[in-house]
Undergrad: 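One structure, as structure tokens, below. Some questions next.
Numbering of ligands and ligand atoms starts at 1, following listing order.
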Amino acid sequence: MTASRIWFPSLLHNPAFFSMSAPLTHTRPVPVKTFLYGVAYYPEHWPEAIRAGDPALFKAAGYNTVRMGEFAWDLIEPKPGSYDFTLFDETIARLAAAGIRTIFCTPTAAPPRWLSRDHPEILRIDADGHPQVHGSRQHASHFSPLFRDHSRRITAVLADHYKNNPHIIGWQTDNEFHCHFSQDHCLDAVAAFAEFLRAKFKGDINALNRVWGTAFWAQTYARFEDVVTPKNMRPTHLNPAHVLDYHRFLDHGVTAFQWEQVDILRAANPAWFVTHNGCFDSIDYRGAFTRDLDFLSYDSYPLFNYDPDSRIHDHAFNLDHVRSFSGNFMVMEQQSGPGGQSDYLHDTPEPGEMRRMSYASIARGADSLLLFRERSCPFGAEQYWCGVLDHDNVPRRRYREAAQLGAELARVGPAVLGTRVHMDIAISGGDFNAHYGHLALSHGLPTPRQAAQKAHRYFHAHGHAVGCIHPADSLAGVKLYLVTNYTIFDPAWLPGLQAWVEAGGVLVIGARTATKDLDNNVVTVPAPGVLRSLAGVTIADWGRQNNSEARPLSIIAAGRTATTALWYEQLTPEAGAEVVATWTSRHLAGSPAVTRRTLGKGAVYYVGTYFTDEMLAILTPLWAARHELPAAVSHPEGVEQIVRISPDRRLTFLVNHRDKPVTVQTPASGRNLITDQPVSGSLTLAAYDVAVILTCS
Ligand code: GAL
């Protein structure tokens, strides 16, 4: 046990610890000069006869980049301290000769067997007390000082070996941190949690007791060492403040683990970019984790959703959600074939769908994209996670489609770089405190993310230019902004929101927002706490709607009614706020349900329930009539329009998500970069086809 090696306090108090790169904002571009296009490549899975042919195959498909190495620690260091770079050196050089560059990975997602054999204390332990075992991946603890030593060592060895290799352009740290689970209860994690809390509460255990409210259920702690890592339902419900701090601790641990790698890579070669492919649990992607990177990457697998109708919307939301963390992103893995692991197998993308999904990602913020993976692997847990090429290496339709995409990206890529996604409407999307605060005590209500997704889906399905923006970010250019049911609402966001409203923005706040403080305790002032004066409202009464079908509650606004779900609040308008909608039934009849406070050139609406399609259907026309909400675009069902803009150009993406041809309206002039032909107002898109229309200003 190496728990005596304390590392958190020094990290928490050292301002130099986390690098402060460009501020995280949804408008931030990926700092690449060329649109990177290619595949995740696993040369360690193939014999020489196949590998020798790969550079030519990749080049012919238009690939300019591959990613390698994330699961190859066992090959690079087959025995402790004995390194073998032959395979990767040769592969990198061969690819370079074909004009293809490499993103290499720190291989810490899958440490070698000799490490877990000789040091089983590095294994993560789950909430059931089970140490993870060798045989899959992500089995080592980020809190293990020994594993961290090995992580730094292998990173330093790789960085040193490749620092002068001109064909490596950047690095991916590890692979999908926390993609299988995020909790860790190993002895090192428990000890590190105590140190994290000691640093957070500046050594004052009574401060922890006060903030966590440990007087409830005899939780009072005498020493930080006595604090346990929370395990849900063992035997029953947990303290929400304790749980939220545990998620913060998990985020801090993985951030520190990553930083050690980033620091080594940057010192070895400052020209390299460093990225990571998220987004998973217990990581604050608007925090130091992402600030330490040059940009965030995302792995896009839309076919996890088996419903062809809703997956279009889910894909759009997921992309908008990731963009809200730090701006444009790289799709490090874009689904190419059906994906399957032990107990599931996705739909096989039909001809054209791999390309359709790729363009949908690019339209919503991908500034580079690699397909997953080069070829289906005949062995291992992902034998049926199909790649661009099939197991037999015979180029078939997916390879031809990849090559088509490669040829098109030669025109589309340069036009895309430097643009950002245009939004008229934005939803609050993901916030770490709001999300994990909610999960700790959810009442079975949707997470802020799920609530955002519902509202996003409504606007997306109705043809609005909708996306996600974090409440701390700039809302410049956005007309309507919805904050969905963030019980934890950081008061630091208030001035920015208020200024945006005064300048003309329309802010819509969902029920329960700002009813908790940053420690995950309920505020003891009238709800909605810090939002009271901005919204001009207090909450007189509230309740969970558990059985909306049997006991429906409706609201009426401008003569139109909508049934509500999940939650009701009876509002008391203040500060000149007016009532926009009232409740129509039961003890609530006639009382305010939605209010509006005019402020400067804009307005703040408070909505005393959760957003449903019906509610948004009656409220959106009110917002549009009263404020300058741009009209939605109207295309045949299944056609998505997304616009990316820069000061000198506008790119209109039209994506036909359906398996039938459609005729769509286009801008009156411009050039379709897919066909390299001018447009004149309408065009026909084949099944799953795409147009990318460039209009210069
Ligand atoms: C990703 C992961 C890859 C591979 C792929 C298919 O989440 O990064 O390593 O597992 O999914 O499952």
Undergrad: Do the non-hydrogen side-chain atoms of Arg137 and Asn175 ever get within less than 4.5 Å of each other?
TA: yes

Undergrad: Taking N or O atoms only and a 3.5 Å limit, does Tyr42 qualify as a polar contact for ligand 1?
TA: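 N/O-N/O distance below 3.5 Å does not exist for this pair.
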
Undergrad: Could you tell me which non-hydrogen atom of Ala127 sits nearest to which non-hydrogen atom of Lys231, and how far apart they are?
TA: O-CD, 3.4 Å

Undergrad: Any idea which atoms of ligand 1 are less than 4.0 Å away from a heavy-atom of Glu176?
TA: 1 (C), 2 (C), 7 (O), 8 (O)

Undergrad: Show the atoms of ligand 1 that are less than 4.0 angstrom away from any heavy atom in Phe71.
TA: 9 (O)

Undergrad: Is any side-chain heavy atom of Glu374 less than 4.5 Å from a side-chain heavy atom of Val66?
TA: no

Undergrad: Should the ring pair Phe147 and Phe257 be called parallel, tilted or perpendicular, given that the plane angle runs from 0 to 90° and is split at 30 and 60?
TA: parallel

Undergrad: Using a strict cut-off of 4.0 Å, indicate which atoms of ligand 1 neighbour a heavy atom of Asp299.
TA: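 Once the distances to Asp299 are compared, the set is 8 (O).
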
Undergrad: Between Arg137 and ligand 1, find which residue part has any heavy-atom pair under 4.0 Å and reply side chain, backbone, both or neither.
TA: side chain

Undergrad: If you have a sec, work out which protein heavy atom is nearest atom 5 (C) of ligand 1 and how many Å separate them, to one decimal?
TA: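 Answer, as residue, atom name and distance: Tyr301 OH, 3.4 Å.
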
Undergrad: Going by the angle between their ring planes, with limits at 30° and 60°, are Phe273 and Phe295 parallel, tilted or perpendicular?
TA: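 Tilted: the ring planes of Phe273 and Phe295 meet at 30° to 60°.
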
Undergrad: Is there a heavy atom in Arg373 that sits closer than 4.0 Å to ligand 1?
TA: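 For ligand 1, residue contact (heavy atoms, under 4.0 Å) with Arg373 is absent.
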
Undergrad: Please confirm whether Arg124 makes a cation-pi placement over Phe181, using NZ or CZ under 6.0 Å from the six-membered ring centre and within 45° of the ring normal.
TA: yes

Undergrad: Got the closest protein heavy atom to atom 12 (O) of ligand 1, with its distance?
TA: Glu382 OE2, 2.7 Å

Undergrad: Atom 2 (C) of ligand 1: which of His180, Glu333, Gln172 has the nearest heavy atom?
TA: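 Of the listed residues, Glu333 has the closest heavy atom.
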
Undergrad: Heavy-atom distances under 4.0 Å decide this one: backbone, side chain, both or neither, for Glu70 against ligand 1?
TA: neither

Undergrad: Do we get Arg266 above Trp272's six-membered ring, with its NZ or CZ under 6.0 Å from the centre and within 45° of the axis?
TA: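 Not satisfied by the 6.0 Å and 45° rule.
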
Undergrad: Using a strict cut-off of 4.0 Å, indicate which atoms of ligand 1 neighbour a heavy atom of Gln341.
TA: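 Per the distance check, 12 (O).
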
Undergrad: Looking at Trp385, which atoms of ligand 1 are within less than 4.0 Å of one of its heavy atoms?
TA: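 It comes down to these atoms of ligand 1: 6 (C), 12 (O).
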
Undergrad: CD1 of Ile283 to SG of Cys179: how many Å apart, nearest 0.5 Å?
TA: 10.0 Å

Undergrad: Quick one: which ligand 1 atoms are inside 4.0 Å of a heavy atom on Asn175?
TA: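 In order of number, 2 (C), 8 (O), 9 (O).
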
Undergrad: Is Met332 close enough to touch ligand 1? Criterion: a residue heavy atom under 4.0 Å from a ligand atom.
TA: no

Undergrad: So, do Leu24 and Leu296 sit near enough that their side-chain heavy atoms are less than 4.5 Å apart?
TA: no

